[in-house]
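Counting begins at 1 with the first residue of the sequence. Computed from a predicted structure; not experimentally measured. For ligands, and for the atoms within them, numbers begin at 1 and follow the listed sequence. Below, all heavy atoms of this structure are taken into account, side chains as well, without hydrogens, waters or symmetry copies.
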Amino acid sequence: MKMITAIINKKDSSFVCSALRAENIAFTKVASVGGFLSSGNATLIIGLPDEKVETAMSIIRSHCSQRMEPVPHFSDHPSALSTYSPYPAKVLVGGATVFITDVAHFEKM
Ligand code: 2BA
């Protein structure tokens with residue numbers, strides 16, 4: 001058994017969730033915030049048998065697209081004191097950031 005933890009753009013999340021449901025793949029959707037942009041994204045926690053991993057990955061691949069997102073002005077960052085910012089005005093935000101881990105033990109009680 002594997003656990004997929006997928007951090008995806010919240011704009012893509014409803015499409016990914018619908019496709020996972022259609023394949024009968026159980027998941028938990030958690031509202032999350034990226035550490036760099038501080039903007040909302042979605043984290044999907046998906047526990048599934050090994051043979052379903054490729055199905056889930058192909059759903060994530062096909063529904064998550066890369067986007068250029070603006071970097072917000074950090075008022076509490078030292079760079080806010082000057083007009084110079086070390087950060088680019090926009091960054092390319094993935095698709096999806098996916099971690100796949102082995103599940104040592106799975107139990108529902
Ligand atoms: P954020 O942390 O808000 O990052 C959004 C995007 O900003 C990143 O896209 C990357 O292009 C850029 N970025 C992040 N840190 C940066 C830095 N120190 N300097 C310059 N640019 C930076 P992605 O790499 O596609 O990441 C999208 C979201 O996935 C992240 O949102 C974060 O929530 C999550 N993520 C990415 N890598 C992760 C990791 N190793 N562990 C946990 N979460 C991760």
Rounded to the nearest 0.5 Å, what's the gap from [atom1] on [X] to [atom2] on [Y]? Could you check?
| X | Y | atom1 | atom2 | result |
| --- | --- | --- | --- | --- |
| I7 | F99 | CD1 | CZ | 5.0 Å |
| C17 | L44 | SG | CG | 5.0 Å |
| M1 | H105 | CE | NE2 | 11.0 Å |

With heavy atoms of [X] as the reference, note each atom of ligand 1 found under 4.0 Å away.
| X | value |
| --- | --- |
| I7 | 29 (O), 33 (O), 34 (C), 43 (N), 44 (C) |
| G34 | 1 (P), 2 (O), 3 (O), 31 (O), 33 (O) |
| L37 | 1 (P), 3 (O), 5 (C) |

*With a 4.0 Å cut-off, would you call K2 and E51 a salt bridge?*
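Between E51 and K2 there is no salt bridge, as every charged N stays at least 4.0 Å from the carboxylate O atoms.
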*With a 4.0 Å heavy-atom cut-off (strictly under), which part of V71 contacts ligand 1: side chain, backbone, both or neither?*
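Neither; nothing of V71 gets under 4.0 Å from ligand 1.
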*Cluster link M3 to I25, ILVMFWY, side chain under 4.5 Å*: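 Not linked; separate clusters.
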*Judging by distance only, is a nitrogen or oxygen of F36 under 3.5 angstrom from one on ligand 1?*
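Yes - when backbone and side-chain N and O of F36 are compared with those of ligand 1, one distance drops under 3.5 Å.
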*Any N or O on L92 sitting closer than 3.5 Å to an N or O of ligand 1?*
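Looking only at distances, the answer is yes, because the N/O contact criterion of under 3.5 Å is met.
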*asked:* As a check for students: among V91, T97, N41, identify the option with a heavy atom nearest to atom 29 (O) of ligand 1.
replied: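 Checking each option, the heavy atom nearest atom 29 (O) of ligand 1 is found in T97.
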*Using atom types as modelled and distance alone, determine if a side-chain donor or acceptor of K10 lies under 3.5 Å from a backbone N or O of S32.*
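No, K10 side chain to S32 backbone: no donor-acceptor pair under 3.5 Å.
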